[in-house]
Structures are given as structure tokens and as C-alpha cells.
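Read the structure below first, then the notes.
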Amino acid sequence: MTKNSVKKYTLYRLRFWIGYGFLAILVLGILTFASLYVPGGLTDMENTSVIKSDGLRIDNPSSFLVTDMPYHGLQKLSIELLGLSSFSAKLPSVIIGFLSAVTLVFVLARRFSQTTSIITAGIIIVSSLFISLATTATPAIMAVFWPVMLLLVLTYGVHKQGVKSSLVCAAGLISALSLFTPFSIYVILSLIIGSLLHPHARYLIRKTSNSALTTASLLVLAAMAVVAYASYKNLALTSELLYRSDSFSPDVTTNLSLVAMQIIDFSSSSTASTGMLAPVFGLSSLAFVVIGCYQMYKWRHAALYYITFTWLLLTTAIIIFNPSAVYMLVVPFAILVASGVRCILNYWYRLFPRIPYARIFALIPVTTLFACIILSSTVQFFYAFHYYAPLANRSRDDLRLVKEELQRSPDSSLVVNSNENDIYRIFLDTNNLSPSVTAVDSASGKIRLAEGQRAIVTKSATSKLVGTPEYVIADTALHRDSDRLYIYKR
């Protein structure tokens with residue numbers, strides 16, 4: 001059998017489409033399942049994001065001057081259409097995560113081979129860090145979405161006569177929208193600086209239509225003017241976009257220790273202090289990153305080298321002062337992993353003669369290796385969020401429990417703590433539920449139910465009720481504090 005005869009087989013000709021299809025089904029299935037069942041419920045950060053999304057009002061344009069405005073607009077639409085639940089709150093992240101995954105595959109396929117793009121996408125997209133970002137009801141996934149969208153339009157826009165005008169304008173629009181996401185300005189700067197440092201990239205910029213460059217610049221400047229106005233109205237917005245004041249720390253030594261723990265802590269002992277599943281990248285992924293760095297150095301005259309390492313330098317500077325922003329490494333690490341995967345594949349095939357049977361059988365150990373890498377990262381995510389207490393206990397499925405109890409007894413009233421009032425108001429309004437709601441705080445007096453009254457009381461408000469609960473509703477998925485709702489009846 002010759003090599004050309006192998007190419008006649010339909011399975012061989014469709015091998016890449018089969019790979020892309022399998023990867024798409026795998027990613028969509030994992031993201032959907034994770035958003036529904038792992039770990040289930042919403043965390044305090046996700047509740048804050050939902051409340052922020054609910055604050056957007058068409059009749060109040062200034063309400064849109066918030067960080068990650070496109071994401072919060074999509075989240076508000078999802079909640080309005082489906083009613084507030086764990087899934088509807090996370091649905092925007094799932095959609096954006098899936099689009100980011102598809103876009104990353106196209107970007108890698110353009111810069112590397114299709115085989116490399118499929119394997120790399122499997123390693124990065126099915127990693128615990130990416131799944132976590134794409135199934136959390138917060139805008140963290142936007143830190144991956146905007147960069148890969150920029151890379152997509154710029155990668156496919158390059159030709160010998162410069163960069164296509166339409167895609168330059170699209171890049172300007174994406175850059176303008178991304179300015180509402182924290183740290184995005186640094187990603188844009190790294191792409192610009194890396195391009196200006198490379199001679200061929202500068203040549204392509206000079207060949208690009210001046211009108212297209214002007215249009216893109218005006219879009220970015222318009223977005224910057226909006227950000228400046230929003231910062232004038234609310235100075236905290238500037239700090240949120242530039243350095244995330246809530247997690248910024250000038251203690252470089254401690255920050256470096258936290259970053260190192262998140263990257264190389266394979267025992268996950270740091271999760272309790274950082275709040276992130278460690279390590280954020282598996283050992284095998286880090287090995288590919290190291291190989292990719294070596295390969296990039298060998299190709300140091302390429303434009304991709306200039307852009308990637310400029311990106312890494314700026315990202316590293318951000319993470320040193322803001323360790324919680326380690327998720328910004330996803331895209332540059334994906335490029336380095338792709339470089340490492342290509343190196344391994346090229347070296348592996350050089351060990352075998354170019355005989356079809358030998359090359360086919362050579363795929364077996366390579367496929368097994370990459371399948372184990374992808375599977376181990378996925379298993380780590382599911383097991384950690386199910387059974388590791390620091391992660392499993394962060395989510396609360398109280399909304400589902402309250403909904404089930406109200407459907408069972410529609411005449412029940414609801415007693416919540418004052419700091420829960422906003423999220424329960426959104427929940428009741430969007431699910432067409434109308435029980436009487438009482439909000440209590442530390443200064444509130446004791447509440448005595450009227451004769452025949454039945455009340456559903458959240459755990460944080462139960463100390464304000466007089467009497468003994470009729471029964472307790474527990475969430476058995478929790479390691480501690482499994483009692484979530486108390487049912488009082490007089």
C-alpha cells in the first residue's frame with residue numbers, strides 16, 4: 001500500500017472534519033453538563049454578577065457604564081427569558097466559552113497544522129481552568145474571548161498587500177468593546193507593540209488602507225471616550241479596568257508565591273487560600289509550554305514570536321501585582337502549547353519511515369498520550385468541584401430549593417437576610433413567583449408568625465424567627481452547612 005492509496009479512503013480525507021466534530025461535541029457536552037451539575041448553584045461572586053446585570057436599564061443609559069457591559073447585557077437577557085436559575089445565569093459564559101473554543105481552533109489551524117490545532121484545543125479547552133471560566137456566571141471568560149477574536153480577524157486578514165480593510169475595522173470594533181473588560185487594554189498594547197517590533201508586520205501595516213486604520217482608530221478612541229466619561233462619573237471604574245483594585249496587591253513576594261502555587265501546586269493545597277483549582281495548568285501542559293518556548297526561540301525571527309512574548313511579558317507584569325488574574329495566561333499558553341505539540345508530532349513522525357502502515361500504527365501511542373492528558377484534566381475538574389470542600393462549599397443551590405418549596409406550598413411567605421434581598425427579588429420577579437417577602441438584618445427584632453402562617457426561612461435569617469422549625473431542608477451535596485432552608489409553621 002502506498003501513501004497515495006491511503007488518501008483515497010473517505011475516512012482519511014474526512015479525518016480533520018471528524019476531529020473537529022468530535023471536539024465540538026465533547027466541549028459542548030462538558031460545558032453544558034458542568035454548568036448544570038458541577039457544582040450546582042451560585043457562588044457569592046456569581047450572585048454579585050447577576051445583581052449587576054439586573055441593574056442595566058434601557059431607560060437609564062448611564063446604567064450601561066459598567067465593566068464587562070456586553071457580558072452583563074447578555075446575562076440580563078438570558079435571565080429575563082429563562083428566569084433566574086443556576087443555568088440561566090451561567091448560560092452566557094457557556095455560549096461565550098464555546099465560541100472562544102471554536103475561535104481558538106481556527107486561529108491555531110491558521111498558524112499551525114490542523115492536527116496541531118485539534119490536539120492543542122483539546123488540551124487547553126478541556127482543561128480545568130477553561131471549563132471553570134466557561135461555566136461560571138461571571139465575566140471572567142471575556143478575558144479569553146476578546147483576545148481570540150482579535151487574533152482570528154487579524155490572522156485571517158493578513159495577505160501580501162497588507163491587512164484586509166474590512167477585518168481591520170472588525171478588529172477596531174472588537175478592541176473598542178474589549179476596553180470594558182479589565183486588563184484588555186494591556187492585551188491590545190501587547191499586540192500593537194509586538195507588531196511594531198517586527199519588520200514584516202510593520203511592512204504589512206504600511207500596506208494597509210489608511211481609511212481602514214483611521215476607522216479602527218476612531219472606534220477605539222470613541223470607546224476610550226466612553227470609558228473616560230464613565231470614569232468621571234465613577235472613579236472606581238478606572239481602577240477596576242486597569243488593575244482590579246479589589247485584588248491588587250503591591251506585595252510582590254507574596255504575589256509571586258501565590259502565582260507559583262496556582263501553577264505548580266499539584267496537591268491543590270493552595271485552593272483554600274486562592275479560591276482557584278490548582279494547578280491551573282496540568283503538568284503535561286506545562287511541559288508543552290516549556291517545549292513551545294524553546295521552539296519559539298528557534299523561530300525568534302517570526303512575527304508570532306514577537307507578539308507572543310510581548311504578550312507574556314505584559315501579562316506577567318499584571319499577574320505579579322494581581323495573582324487572581326492568572327486566567328489571562330490561557331491564550332498565550334495555548335500558542336506555546338501548540339508550538340510544543342507541533343515539535344513533538346514532527347519529531348515522532350521522523351522516527352518512522354514514510355510508509356502508510358508505520359505512520360498509522362505510530363498514531364496509536366501518540367493518540368493514547370494526548371487522550372490521557374485531556375481526560376486527566378477533565379476528571380480533575382469534575383472530581384475537585386464535587387468532592388473538594390473548598391470548591392464544593394462555595395456554591396449554594398438555595399434558589400432551586402426555594403422554588404421547589406414554593407411550588408409545593410404557594411401560600412408560603414419568604415424570610416431572607418437583607419444582604420440576600422436583591423438576588424431573591426430578581427429570582428421571584430423573573431420566575432413569576434409572588435410570595436410575601438420579609439428582609440431582616442442584625443438590627444431587626446424577632447418575628448412571630450401569625451396563626452396558620454407558613455414561612456420559608458433562609459439559613460442566614462433563621463435566628464430572627466420565634467419558635468422551632470417544623471422541618472429543615474438540606475442540600476446533601478455540601479460538605480458542611482448542608483441545612484439551607486428552615487420551614488416554620490404556626
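Within 6.0 Å of NZ in Lys76 there are more than 12 heavy atoms belonging to other residues, nucleotides or ligands. Counting heavy-atom neighbours within 6.0 Å of Asp251 CG, excluding the residue itself, gives a total above 12. Counting heavy atoms of neighbouring residues, nucleotides and ligands inside a 6.0 Å radius, atom CZ of Arg425 exceeds 12 of them. Within 6.0 Å of CD1 on Ile58 lie no more than 12 heavy atoms contributed by other residues, nucleotides or ligands. Heavy atoms from other residues, nucleotides or ligands lying under 6.0 Å from CZ of Phe64 number more than 12.
Between Phe33 and Phe382, the ring planes are tilted. Angles from 30° to 60° get that label. Taking the six-membered ring where the residue is Trp, Tyr186 and Phe183 present tilted rings, their angle falling between 30° and 60°. A perpendicular orientation is assigned to the rings of Tyr20 and Trp17, their planes being inclined by more than 60° (bins at 30° and 60°).
Contact check for Trp311 versus Val331: side-chain heavy atoms found under the 4.5 Å cut-off. Side chains of Leu108 and Thr116 form no contact here, defined as non-hydrogen atoms less than 4.5 Å apart. Considering only heavy atoms from C-beta on, Ile141 comes within 4.5 Å of Phe130 through its side chain. For the pair Gln380 and Pro279, the minimum side-chain heavy-atom distance is below 4.5 Å. Considering only heavy atoms from C-beta on, Leu151 comes within 4.5 Å of Leu191 through its side chain. At least one side-chain heavy atom of Leu345 sits under 4.5 Å from a side-chain heavy atom of Ile119. The side-chain heavy atoms of Met296 and Ile335, taken from C-beta on, include a pair separated by under 4.5 Å. Pro70 has its side chain within reach of Trp146: a pair of non-hydrogen atoms, C-beta onward, lies under 4.5 Å apart.
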Just do the side-chain contact (heavy atoms from CB on, under 4.5 Å) check on Val168 and Leu213 with the steps written out, would you?
CA-CA 7 Å; Val168 171; Leu213 291 173; 4.1 Å; yes
What verdict does the side-chain contact (heavy atoms from CB on, under 4.5 Å) test give for Leu329 and Phe281, after you've listed the backbone C-alpha separation in whole Å, the side-chain angles of each residue and the deciding distance to 0.1 Å?
CA-CA 10 Å; Leu329 290 171; Phe281 299 102; 4.2 Å; yes
Just do the side-chain contact (heavy atoms from CB on, under 4.5 Å) check on Leu304 and Trp299 with the steps written out, would you?
CA-CA 9 Å; Leu304 186 61; Trp299 309 328; over 6 Å; no
Please assess Leu399 against Ser86 for the test side-chain contact (heavy atoms from CB on, under 4.5 Å), listing each intermediate value before the final yes or no.
CA-CA 8 Å; Leu399 298 181; Ser86 174; over 6 Å; no
Please lay out, stage by stage, how Tyr71 and Phe145 fare under the test ring pair (Phe, Tyr, Trp, His ring centres under 6.0 Å).
CA-CA 11 Å; Tyr71 177 90; Phe145 177 72; over 10 Å; no
Checking Asp68 against Lys52 for the salt bridge (charged side-chain N to carboxylate O under 4.0 Å, His left out) test, could you report, in this order, the C-alpha distance in whole Å, the side-chain angles of both residues, the deciding distance, and whether it holds?
CA-CA 10 Å; Asp68 290 302; Lys52 191 173 183 179; 6.0 Å; no
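Residues passing the ring-ring contact (aromatic ring centres under 6.0 Å, His included) test with Phe180, sequence neighbours excluded: none.
Within the model, atoms OG1 of Thr458 and CG of Leu401 stand 11.5 Å from one another, a figure rounded to the nearest 0.5 Å. Interatomic distance, Ser376 OG to Ile123 CD1, rounded to the nearest 0.5 Å: 9.5 Å. One distance of note links CD1 of Ile95 with CG of Leu31; it measures 11.0 Å at 0.5 Å rounding. Distance check: Leu256 CG to Ile319 CD1 gives 10.5 Å after rounding to the nearest 0.5 Å. To the nearest 0.5 Å, the span separating CG on Asp54 from NE2 on His72 amounts to 12.0 Å. Expressed to the nearest 0.5 Å, how far CG of Asn421 lies from CD1 of Ile426 amounts to 10.0 Å.
Here Phe370 and Phe288 bring their ring centres to under 6.0 angstrom of each other.
The backbone N or O of Ile124 sits less than 3.5 Å from a side-chain atom of Ser127, completing a donor-acceptor pair. Side chain of Ser49 to main chain of Met45: no donor-acceptor pair is present (N/O by atom type, distance under 3.5 Å, no hydrogens or angles). No donor-acceptor distance shorter than 3.5 angstrom exists from the side chain of Gln114 to the backbone of Ala109, with no hydrogens or angles considered. With Lys90 contributing its side chain and Gly41 its backbone, the two residues share a donor-acceptor pair below 3.5 Å. Using modelled atom types, one side-chain atom of Glu46 and one backbone atom of Thr43 make a donor-acceptor pair closer than 3.5 Å. Counting only distance, with no hydrogens or angles, the side chain of Ser165 and the backbone of Ala212 share no donor-acceptor pair below 3.5 Å.
For the residue pair Leu167 and Val153, the shortest heavy atom distance occurs at CD1-O, 3.5 Å. Closest of all the heavy-atom pairs between Val416 and Glu420 is CB-OE1, 3.7 Å. The two residues Gly55 and Ser63 make their nearest non-hydrogen contact at O-CB, 3.5 Å. Taking both residues in full, the closest heavy atoms of Ser35 and Thr135 are given as N-CG2, 4.0 Å, listed atom of the first, atom of the second, then distance. The minimum heavy-atom distance between Ser190 and Thr310, with the atom names listed, is O-CG2, 3.6 Å. Counting all heavy atoms, side chain and backbone alike, Ile307 lies closest to Ser195 at CD1-OG, 4.0 Å.
Tested against His198 for a ring-ring contact (aromatic ring centres under 6.0 Å, His included), the candidates Phe309, Tyr305, Tyr306 yield a single pass: Tyr306. The one candidate from Ile79, Leu81, Asn431 that meets the side-chain contact (heavy atoms from CB on, under 4.5 Å) condition with Ser88 is Ile79.
With 3.5 Å as the limit, one finds no donor-acceptor pair spanning the side chains of Ser339 and Gln295. Side-chain contact check for Thr181 and Ser178: no donor-acceptor pair (N or O, by modelled atom type) lies under 3.5 Å.
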